[in-house]
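In the text below, chain A, chain B and the rest are named by the order of the sequence lines, each starting its count at 1. Given the structure is predicted, the values throughout are model-derived calculations rather than measurements.
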Amino acid sequence: MKDRVIEKALLLAALSAIGILALITIFIFREGLPVVFSKGPGEFLTGTVWQPSRGHYGLVPMIVGSAIVTFGALIIGVPLGLACAVVLAEMAPPRARKILKPTIELLAGIPSVVYGFIGMMILVPWIRNNPALGGTGSSALAASIILGIMILPTIIGISIDAIEAVPRSYREGSRALGATEWQTITGVVIPAARSGIVAGVILGMGRAVGETMAVIMVAGNSVQIPDSILKPVRTLTANIALEMSYASGQHEQALFATAIVLFIIIMLLNSLAGLARRKKKRKRKLKGDPAGGVEVA
Amino acid sequence: MSRRQLTWIISAALVASVGAAGCKKKSSGGGGGKADTITIAGSTSVQPFAEKWAEEYKGGQVDVQAGGSTAGIKAVKEGTAAIGMSSRELHEEEKAGLVTTVVARDGIAVIMHPSNPVGDLTVEQVRDIYAGKITNWKDVGGADKGITVITREEGSGTRGAFEELVMGKEAHIAASAIVQGQTGGVRTMVTGDEAAIGYISIGQLTPKVKAAKLGGVEATEANVANGTYSVKRPFLFITKGEPAGAAKAFIDYVLSAEGQELARKEGLVPAK
């Protein structure tokens with residue numbers, strides 16, 4: 001009897017979490033859709049001018065901005081993260097692993113405003129004063145570097161799990177055929193763990209798209225389509241956070257419309273990550289592989 | 001996922017939702033509250049001065065919240081704040097039912113790095129720099145260096161005043177300008193970049209930045225008060241209808257000789 005009461009109470013709590021998500025979704029769409037329809041979705045999705053005080057609500061510069069800094073973050077974060085994961089899962093002695101893994105997880109716990117502050121104080125002046133780079137420093141490049149570091153824990157964590165889920169027999173088979181350790185890692189382990197790694201990369205991408213504070217502090221936030229990575233950019237999240245406090249009327253609705261675009265992008269990325277993982281499980285099950293049931297994350 | 005993990009997750013969700021409910025309760029008490037506690041909300045430009053007034057005010061507790069001029073106006077309309085702070089004049093559609101009181105005046109200073117040799121600009125030059133027509137300091141008598149233009153975000157009271165007073169109807173701030181969300185952000189960027197130009201309230205100038213003379217007139221409170229410095233704006237307290245009760249008492253204090261003297265000491269120009 002008591003068990004059942006607790007079970008019901010917990011179910012209620014769990015449902016409330018889903019309920020909150022549903023409410024947020026409804027709220028964003030209810031606030032943002034009217035202006036999308038009154039201006040036409042074309043204005044938002046293809047307009048290149050964002051001047052709310054004059055009624056221009058083009059989101060293209062922000063969509064491009066988000067895409068550039070996210071892509072940049074992946075260029076920096078994926079090779080580093082993957083290398084880290086391989087070292088930690090395959091090469092590092094257990095003692096080093098014991099220290100390194102929690103250290104990397106700690107990276108995820110640093111508040112984004114701290115990343116932003118370090119970026120603003122060190123990275124931005126460094127880019128500005130570097131003769132090879134130059135510009136104002138506040139740039140897509142600065143945002144990409146900061147984000148590249150911020151997505152490391154996500155990529156490393158999920159990649160390690162994926163690499164560890166590769167059955168021992170794969171490695172043994174490869175070594176038995178005369179492959180070196182390096183050949184085993186690049187030729188067998190990583191391909192076998194590919195879908196888990198891809199899921200990690202996509203989730204890292206979601207984090208990069210969604211990050212706000214650190215980006216606002218280093219990206220410069222100009223509303224323009226940049227012609228170089230040294231030019232300032234504004235991301236979708238920065239657009240909302242920067243202007244929300246002062247916005248009213250249609251301007252405020254347009255920011256909710258920005259949130260709708262962001263929401264759809266994040267949903268797509270998360271679904272993709274889920275798909276990547278599921279595909280892997282199904283493949284293994286078909287092969288009758290014992291590791292098929294192992295959760296990757 | 002094991003059963004035990006599931007239980008943990010659910011308990012965490014429960015704790016979080018209870019916590020969220022608690023917060024909600026607290027914030028809804030802000031507007032009305034006890035008779036001697038008033039909430040004032042709005043412009044981040046006015047906020048530091050409002051906090052000084054609130055500190056010295058003996059008539060009761062004053063809770064100062066920043067959020068922007070527009071948010072302050074909205075808060076008064078919705079009744080979540082007794083007084084709204086605005087650093088710009090109200091738009092026509094915002095005026096309905098609201099009463100504004102000028103509590104002080106402020107000038108907007110054009111700031112640059114202390115090492116910048118340029119010390120004197122005309123309003124036209126500032127306009128051309130912000131419009132993107134002048135892009136190098138050498139065109140205004142400085143070093144051969146590209147200008148880093150820093151502006152505030154759309155909707156900010158300081159930006160609104162700057163656009164109205166400097167840019168005028170025809171010129172627009174160039175899209176390539178770097179946007180910062182706060183006065184502090186603009187100041188930090190100017191402090192760190194020798195080629196930067198920005199604008200902030202005269203009352204929030206610090207020795208780490210240099211304020212340009214505009215048309216030969218120094219950016220000081222005295223020059224705002226005597227009318228020679230042209231880029232200035234009112235700081236407004238907004239109430240729903242004529243001020244009454246605790247809100248009136250606080251506004252009366254702010255307008256009193258003591259309150260105005262405090263404003264003067266903090267770098268503002270008295271209302272009268």
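With sequence neighbours left out, B/Asn136 forms a side chain to side chain donor-acceptor pair (under 3.5 Å) with B/Asp144.
Only one option out of B/Val149, B/Ile150, B/Ile178 pairs with A/Thr136 in a side chain to side chain contact (heavy atoms under 4.5 Å, CB included); it is B/Ile178.
Taking 4.0 Å as the cut-off between side-chain N and carboxylate O, B/Glu153 and A/Arg234 do not count as a salt-bridged pair.
Contacts of residues 119-130 of chain A with chain B at a heavy-atom distance below 4.5 Å involve A/Met120, A/Met121, A/Arg128, listed in sequence order.
For chain A, no part of B/Gln182 is nearby; none of its heavy atoms comes within less than 4.5 Å. Contact annotation for A/Gln51: both backbone and side-chain heavy atoms come within less than 4.5 Å of a heavy atom of chain B. Of the two parts of B/Thr188, only the side chain, counted from C-beta on, holds a non-hydrogen atom closer than 4.5 Å to a non-hydrogen atom of chain A.
Of the inter-residue distances, the one linking B/Arg152 atom CZ with A/Glu243 atom CD reads 11.5 Å to the nearest 0.5 angstrom. Atom CD of B/Gln180 is separated from atom CD1 of A/Ile216 by 9.0 Å, given to the nearest 0.5 angstrom.
Closest approach of A/Asn221 and B/Val179 over heavy atoms only: ND2-O, 2.8 Å. Nearest approach of B/Ala175 to A/Ser222, heavy atoms of both residues: O-CB, 3.2 Å.
Your options are B/Ala177, B/Ala66, B/Gly72, B/Gly185, and the one with the most heavy-atom pairs under 4.5 Å with chain A is B/Ala177. No other option in B/Gly192, B/Ala174, B/Ser176 has as many heavy-atom pairs under 4.5 Å with chain A as B/Ser176.
Residue-environment remark: CD (B/Glu78) exceeds the threshold of 12 foreign heavy atoms within 6.0 Å. Heavy-atom neighbours of A/Arg54 CZ from other residues, nucleotides or ligands within 6.0 Å: above the threshold of 12.
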